[in-house]
Structure formats: structure tokens, C-alpha cells
Peer 1: 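Handing you a structure now.
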Amino acid sequence: LTQLRQDPLAGHWVIVSEDRSSRPIRTKAPPRSEPRGGWLCPFCEGNESTTPPEVEAKRSARSEPNAPGWSIRTVPNKFAALRPDASGDPAKGDLLEAVPGFGIHEVIIESPQHQAQMNQFSRTKLADILAAYRSRIRSLYEDKRIRYVQIFRNEGYLAGASLEHPHTQVLGLPLVPDVIQAMVNRAAAHQESKRGCLTCAIIKRELAQKERVVFEGKRFVALAPFASRVPGEIALFPREHQHRFEESSDDALSELAAELLRCLHAMRQAFDNPPFNLILITAPRAEGKAFPEKQLARTFHWHFQFVPRTTRPAGLELGTGLNLNPVAPESSARRLREALRDRATWAGTVKR
Ligand SMILES: [Zn+2]
Ligand SMILES: [Zn+2]
């Protein structure tokens, strides 16, 4: 069974995907660093035949698809949350609403090496990975049934990573998630009353006030969001207004790679190397009157979110959707800034 179901009381949507229950999941956390062997890692070089055939790869000119010789490899997720072949009629008008679990779920295998954390990647390597994000979003948005592409990366078992091998997930959704819809609506409302982009206005305000600024780069600015959900949360925005990440130039991606590494360094230093989720927020697929491209271009502003697992969501979060953040974002920002004070230290950790 693969279905998207709407909760009739609260209105939220849930992906019900039974296929995922057979994926290699463990109920206990594995040791922090798990040696290869014992079980076959499907993402390691040499094991290409254990994944579905690749849809895209950065590989040496002499190498063959689905064979060794790659540096980044994108494959359909074998244990997909949503399926490209899901079909059937939506169940409507009977109190309970559900749609077939159509969607595209891919994995970007970031490196042939099993043991690497994101902070160990060089700037060039990370820029290549970002170029893969760009390419997959462009490609998935070509499918008219895909309304939002969510790119996310889970690092650490407690952040939901079921495989240690470094990878990013790409999920093409047949609906625009409530969170994104809310961002679109709020940006549009601001534009109507105040003119201009809400995010641009916030960046300007934060830069003037400085209290929550983690760092100010040439093209990007990192903030501890005013309503950070957890201690150490960072949002990284392009300073120049742009609604789609997937329209970034190679130059911008190279700069972005350096700034993501800077965020990582700050987070690891200030919050003791926490497990984390990296989330990319970009504009939904342009669509007639619901999401006119012209309006998205004026009002939406893409960004990255680093959400470290510094607290454990529990009953309050599940019951109310309210996060309880025990550290003021202003003090988080101060700690993150201090972690970057010794420029030589973080610059020294970044390989070209
Ligand atoms: Zn591996
Ligand atoms: Zn903007």
C-alpha cells in the first residue's frame, strides 16, 4: 500500500508506505562509526547492481553506467516512500480522503566512500553535490504531476539516517506541503501590503540589528531564525533575491558550498557535533492560478535550513505542533558566531 491520506480532523497529510517497512532499518542505534562488511552496503562502490539503475551520475569518461568509476550517483530509492507507478482513483466525498501514493523518490549517493560526513567534503566536492540537487529538481519539475520537490539530508542515526553512507534524498511530491503553502501565502500577503519580498525585508532587518546573524558572506547570510525550533538552528539565505535554488549558477553553488561548510563548522563546534537534518526550501512548481510563476518569482526566496537534533520532539510537539526551544535564538547565534571567531580554525578545516 502506498497512499497519501488526509487526517479528517486536523487536515494534515500522511504518507502511508508499507514498502518502506522492508528497508534495512534497525531499532537500536548502530555504533557511531560502523565498519564496512557484515552486511552489504548498497551505496558502496562495487555494489552498483544492488540499487535500481542510475538516473544520473558524475563518473569518469571511461566508466560504464551502473559500474564503478563514479563520484556521485543518483538512483531511484529502492524503498521509495512514494512510487512513480502508483495509480488508482482518489477516495473522496466519504469523510476520508486519500490519493494514490504517486511520487518520485531518489537517492543521491554523494561519494563512493562509505565513511564520510558532510563536513569532510571539500568545497569542490560539495559544489558538485549541489549541482546534482539542481539537476534533479529541474528534472523532476518537468513532470507535471510533481508539485513540490523536497531535498533533504539526514546525518546521524538520531536524525533519521538508516544508512551511514553519505547520501541525500529527493522526494517529488504530488502536493504542495502545508509548510510550503504557508510560506507562499505569507510571502504573497506581505508583497500585497508592503510590496517587495518578505525574506529580503527580514534579511535587511536582521543585518541591521545583527543579534541573530551567524555570519554575513559575500552572497549568503546565515541567521539563527527569530523563531528557531531547536537550539543551533541555522537558515542560510542568498542575499540577492532568487525564488528557485535550481536557477543558481555554478559560481553561486561554489560560494554556497563554502558557506554550508561554514555553517556546519559552527554547528559542530557550538553544539557538540549533533546529528542534523539539512533541508532545502525552494519554490513549488509553477502552476496556473494556484502558483503563478510571476508571483513566485517576486515573492518566494529559497534557502537552506540546518536543523540539529539538539532537543527531542515529544508529546508537546506532536500534540500541538509547538516546538519548545530551551535556548533563545539570540544566544544560539552568539555561540555560533563565537565558534567562527577563530577564522583560521574553520578555514583550515575546509579543503578546496
Ligand atoms: Zn557504503
Ligand atoms: Zn527575496
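In what follows, residues are counted from 1 in the order of the sequence shown. As the structure lists them, so they are numbered: ligands from 1, and atoms in each ligand from 1.
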Peer 1: May I ask you to check whether Glu164 and His114 show a side-chain donor-acceptor distance below 3.5 Å?
Peer 2: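 Looking only at side-chain atoms, His114 and Glu164 do form a donor-acceptor pair, the distance falling under 3.5 Å.
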Peer 1: Classify the side-chain pair Gln6/His12 by whether it contains a donor and acceptor separated by less than 3.5 Å.
Peer 2: no
Peer 1: Knowing that exactly one of Glu246, Glu56, Glu54 qualifies, which makes a salt bridge (Lys or Arg N to Asp or Glu O under 4.0 Å) with Arg136?
Peer 2: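 Among the candidates, only Glu56 passes.
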Peer 1: Is it true that atom CZ of Arg138 has more than 12 heavy atoms of other residues, nucleotides or ligands lying nearer than 6.0 Å?
Peer 2: yes
Peer 1: Show every salt bridge (charged side-chain N to carboxylate O under 4.0 Å, His left out) that has at least one partner inside residues 178-201, sequence neighbours left out.
Peer 2: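 Salt bridge (charged side-chain N to carboxylate O under 4.0 Å, His left out) check on residues 178-201 returns no pairs.
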Peer 1: Centre of Phe271's six-membered ring, under 6.0 Å away, within 45 degrees of the axis: is that where NZ or CZ of Arg335 sits?
Peer 2: yes
Peer 1: Please report whether the ring centroid of His301 lies less than 6.0 Å from that of His243.
Peer 2: no
Peer 1: Any idea which N/O/S atom from His165 gets closest to the Zn ion (ligand 1)?
Peer 2: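 Closest N, O or S atom of His165 to the Zn ion (ligand 1): ND1.
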Peer 1: Suppose you place the vertex at the Zn ion (ligand 1); what is the angle out to His114 ND1 and Cys44 SG, to 10°?
Peer 2: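 Vertex at the Zn ion (ligand 1): approximately 110°.
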Peer 1: In total, how many protein N/O/S atoms does one find closer than 2.8 Å to the Zn ion (ligand 2)?
Peer 2: 4
